[in-house]
Amino acid sequence: MFAVYAARIDADDPLSGLETGERPDPEPPAGWTTVTVRATALNHHDVWSLRGVGLPEDRLPMILGCDAAGVDEDGNEVVVHAVIGDADAGGGDETLDPRRSLLSELYQGTFAQRVAVPKRNLVPKPAALSFEEAACLPTAYLTAYRMLFDKAGVQPGATILVQGAGGGVSTALVLLGRAAGYRMWVTSRSEAKREAALKLGADQAFASGARLPERVDVVMETVGQATWGHSLRSLRPGGRVVVSGATSGGVPSAELNRVFFTQLSVVGSTMGTRDQLARLLRFLEQTGTRPRIDRALPLADAAKGFGAMIEGVQTGKIVFTP
Ligand SMILES: NC(=O)c1ccc[n+]([C@@H]2O[C@H](COP(=O)([O-])OP(=O)(O)OC[C@H]3O[C@@H](n4cnc5c(N)ncnc54)[C@H](OP(=O)(O)O)[C@@H]3O)[C@@H](O)[C@H]2O)c1
């Protein structure tokens, strides 16, 4: 089958290890099934994999991609949950299973015509969502859902700052947060992305690092080192930063004096459970919210999508169709 895969690791030139071509069809083990992929979406995770973060050389070649929407062996339209883990081993939450992985880390990913997944990981796709829209959800939107509704610990009406407005997770945070009644503020390095965020429903948009008109209840961090200091300075006393990524680097100054003196909380968040993915799908149906798609490309042109993400020019999700 046709697939897009990591053939080599290069930390400095990730695109040089990306290849497209024929790979063996999946052979699902007991309890797994095969999904025919109708749409898939790019995440920064796929760029990290090409850089060798979470994907050692000895697992190559590895088909990339965490996200998929498609058709199961019985012809049902499904969304694929990307977390491969045992909920029992995680106390009822598969993201807390110490041995959990994401598709494309240990098992072949979704940038292919077909992908093998545990049967438990299939969630029915609502008819109201297109395959392209549904493909955006399992990683970026599920991560945003959990950050907002599980980890943020504030009620609708609270003010939430999202760092790096253009990213896949960031646009998801703005769309979902706004639909749930939070006051969503964003920062971005790019004026065009700030304008795009306002169109998506952000209440205010600021240049990265700008002083805010007032302090916020929660900051959503996926940028990391480049924005961390601003995130801590922007919180009200007792506020919380929810962090699920560190695109610009993972070792900022911890600023412990500020953390204890203003009694801040730092909370990590990763992906979400299958049940949260099912609730996210219903949330979109109930509110009419739809994912922001930056561009849709044929899977054969995946390298163009990777290039755009590495440059950081996208607003929203980059979708591929096999
Ligand atoms: N823990 C999890 O489960 C989980 C799930 C999904 C994603 N993630 C992580 O979260 C991060 C975002 O993922 P994504 O797929 O949304 O990526 P993305 O679409 O590439 O978004 C990254 C955004 O970060 C901002 N940014 C990047 N470098 C920056 C810099 N040097 N200074 C300031 N801003 C910068 C940019 O915003 P502006 O251009 O608007 O400033 C960019 O749009 C990644 O690191 C990813 O690995 C983690």
Side-chain angles (χ1 to χ4, degrees), residues 14 41-51 53-55 64-67 81-83 85 93-96 100-105 135-148 150-151 161-176 185-198 200 202 205-210 219-231 242-250 252 267-273 276-277 280 291-295 305-319:
L42 183 64
N43 291 290
H44 218 97
H45 183 276
D46 304 304
V47 177
W48 290 124
S49 297
L50 288 169
R51 292 190 197 274
V53 179
L55 184 63
L64 297 173
C66 303
D67 293 342
H81 180 41
V83 181
D93 180 336
E94 64 269 25
T95 68
L96 298 177
R100 65 116 172 85
S101 72
L102 303 187
L103 283 171
S104 79
E105 290 177 352
C136 297
L137 306 177
T139 300
Y141 279 71
L142 179 60
T143 298
Y145 182 94
R146 184 173 173 103
M147 290 171 80
L148 279 166
D150 191 358
K151 302 283 186 161
L161 177 71
V162 180
Q163 299 281 18
V169 177
S170 299
T171 48
L173 284 164
V174 170
L175 284 163
L176 301 180
W185 290 1
V186 300
T187 69
S188 176
R189 299 167 296 175
S190 138
E191 191 176 347
K193 290 188 194 179
R194 293 197 291 273
E195 275 166 27
L198 293 170
L200 282 182
F206 306 92
S208 298
V219 179
M220 298 300 196
E221 256 297 353
T222 61
V223 178
Q225 208 155 316
T227 50
W228 186 252
H230 181 255
S231 293
V242 182
V243 54
S244 74
T247 307
S248 64
V267 174
S269 193
T270 279
M271 300 294 284
T273 65
Q276 287 176 327
L277 178 60
L280 164 64
R292 168 73 154 87
I293 296 175
D294 176 86
R295 70 194 77 182
F306 274 84
M309 178 166 279
I310 291 165
E311 274 182 63
V313 294
Q314 80 281 12
T315 294
K317 296 297 294 173
I318 297 172
V319 172

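Counting starts at 1 for both ligands and their atoms, in listed order.
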Peer 1: For atom 12 (C) of ligand 1, which of Ile310, Thr247, Thr270 has the closest heavy atom?
Peer 2: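 That would be Thr247.
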Peer 1: Decide whether an N or O pair under 3.5 Å exists between Trp48 and ligand 1.
Peer 2: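 Between Trp48 and ligand 1, an N or O pair is found under 3.5 Å apart.
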Peer 1: What are the two closest heavy atoms between Ile310 and Pro14, and how far apart are they?
Peer 2: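 Closest heavy-atom pair between Ile310 and Pro14: CD1-CG, 3.8 Å.
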Peer 1: Measure the shortest side-chain to side-chain distance between Glu94 and His81 over non-hydrogen atoms and say whether it is less than 4.5 angstrom.
Peer 2: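 They are in contact (side-chain heavy atoms under 4.5 Å apart), so the answer is yes.
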Peer 1: When rounded to the nearest 0.5 angstrom, what distance separates OG1 in Thr139 from CG in Asp67?
Peer 2: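 With rounding to 0.5 Å, OG1 (Thr139) is 3.5 Å from CG (Asp67).
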Peer 1: So is there a nitrogen or oxygen of Gly168 less than 3.5 Å from a nitrogen or oxygen in ligand 1?
Peer 2: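 The answer is yes, given that Gly168 and ligand 1 share an N or O pair closer than 3.5 Å.
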Peer 1: At the 4.0 Å heavy-atom cut-off, does Ser269 count as touching ligand 1?
Peer 2: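 Yes, Ser269 has a heavy atom closer than 4.0 Å to ligand 1.
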Peer 1: For atom 48 (C) of ligand 1, which candidate among Ser244, Ser49, Gly224 holds the nearest heavy atom?
Peer 2: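 Answer by nearest heavy atom: Ser244.
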Peer 1: Which atom pair, heavy atoms only, marks the closest approach of Met220 to Met147?
Peer 2: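 Nearest pair, atom of Met220 first, then Met147: CE-O, 3.5 Å.
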Peer 1: Do Ser244 and Arg146 have a side chain donor and acceptor closer than 3.5 Å?
Peer 2: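 Per modelled atom types, Ser244 and Arg146 side chains form no pair under 3.5 Å.
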Peer 1: Please write down residue, atom name and distance for the protein heavy atom closest to atom 5 (C) of ligand 1.
Peer 2: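 For atom 5 (C) of ligand 1, the nearest protein heavy atom is Thr143 OG1, 3.1 Å.
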Peer 1: Tell me whether ligand 1 is touched by Ala165 - counting only heavy atoms on the residue side and a distance under 4.0 Å.
Peer 2: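 Contact present.
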Peer 1: Please list, in number order, the atoms of ligand 1 under 4.0 Å from a heavy atom of Ser188.
Peer 2: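 Answer for ligand 1: 38 (P), 40 (O), 41 (O).
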Peer 1: With a cut-off of 4.0 Å, which atoms of ligand 1 are near a heavy atom of His44?
Peer 2: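 It comes down to these atoms of ligand 1: 13 (O), 14 (P), 15 (O), 17 (O), 18 (P), 20 (O), 44 (C), 46 (C).
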Peer 1: Any N/O of Arg189 closer than 3.5 Å to an N/O of ligand 1?
Peer 2: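 Yes - when backbone and side-chain N and O of Arg189 are compared with those of ligand 1, one distance drops under 3.5 Å.
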Peer 1: Could you tell me whether a side-chain N or O of Ser170 sits under 3.5 Å from a main-chain N or O of Gly164, the two making a donor and an acceptor?
Peer 2: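 Answer holds: yes.
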Peer 1: Could you tell me which non-hydrogen atom of Cys66 sits nearest to which non-hydrogen atom of Ser104, and how far apart they are?
Peer 2: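 Looks like SG-OG, 4.1 Å.
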Peer 1: Which atoms form the tightest heavy-atom contact between Gln276 and Gly272, and what is the distance?
Peer 2: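 Scanning both residues, the minimum pair turns out to be OE1-CA, 3.3 Å.
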Peer 1: Check each atom of ligand 1 against the heavy atoms of Gly245 and keep those under 4.0 Å away; list them by number with element.
Peer 2: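 Result: 9 (C), 10 (O).
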Peer 1: For Gln314, is the nearest heavy atom under 4.0 Å from an atom of ligand 1?
Peer 2: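 Yes.
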Peer 1: Ignoring hydrogens, what is the shortest heavy-atom contact between Ser188 and Lys193? Give both atom names and the distance.
Peer 2: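 Smallest heavy-atom distance, with atoms named: OG-CB, 3.4 Å.
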Peer 1: Does any N or O atom in Asn43 lie less than 3.5 angstrom from one in ligand 1, N or O only?
Peer 2: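 Between Asn43 and ligand 1 (N or O atoms, distance only) the closest approach is not under 3.5 Å.
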Peer 1: With a cut-off of 4.0 Å, which atoms of ligand 1 are near a heavy atom of Ala246?
Peer 2: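 Heavy-atom distances to Ala246 below 4.0 Å select 45 (O).
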Peer 1: With respect to Met271, determine whether any N or O atom, backbone or side chain, lies less than 3.5 Å from an N or O atom of ligand 1.
Peer 2: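 There is such a contact, yes.
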Peer 1: In the protein, which heavy atom is nearest to atom 6 (C) of ligand 1, and how far is it?
Peer 2: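 Ranking protein heavy atoms by distance from atom 6 (C) of ligand 1, first comes Val169 CG2, 3.6 Å.
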Peer 1: Can you tell me how far apart CG (Leu102) and CG (Leu55) are? Round to the nearest 0.5 Å.
Peer 2: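 Here the interatomic distance stands at 11.5 Å.
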Peer 1: Checking Lys317 side chain against Arg292 main chain: does a donor-acceptor pair fall under 3.5 Å?
Peer 2: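 Checked: no pair found.
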Peer 1: Is there a side-chain contact between Val186 and Leu161 (heavy atoms, below 4.5 Å)?
Peer 2: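 No, side chains not in contact.
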Peer 1: Side chain or backbone, does Thr187 bring an N or O within less than 3.5 Å of an N or O on ligand 1?
Peer 2: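 It does not: no N or O of Thr187 is found under 3.5 Å from an N or O of ligand 1.
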Peer 1: Out of curiosity, Tyr141 OH to Leu148 CG, how far, rounded to the nearest 0.5 Å?
Peer 2: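 Rounded to the nearest 0.5 Å, the OH-CG separation comes out at 11.5 Å.
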Peer 1: List the closest protein heavy-atom neighbour of atom 32 (N) of ligand 1: residue, atom name, distance to the nearest 0.1 Å.
Peer 2: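 Residue, atom and distance for the closest contact: Ala226 CB, 3.4 Å.
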Peer 1: Of all the atoms in ligand 1, which lie at a distance below 4.0 Å from a heavy atom belonging to Ser248?
Peer 2: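 Those qualifying, in numeric order: 30 (C), 31 (N).
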Peer 1: When you measure from atom 24 (O) of ligand 1 to every protein heavy atom, which one gives the shortest distance, and what is it?
Peer 2: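 I find the closest protein heavy atom is Val223 CG2, 3.7 Å.
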Peer 1: In terms of residue, atom name and distance, what is the protein heavy atom nearest to atom 21 (O) of ligand 1?
Peer 2: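 Protein heavy atom with the smallest distance to atom 21 (O) of ligand 1: Gly167 CA, 3.0 Å.
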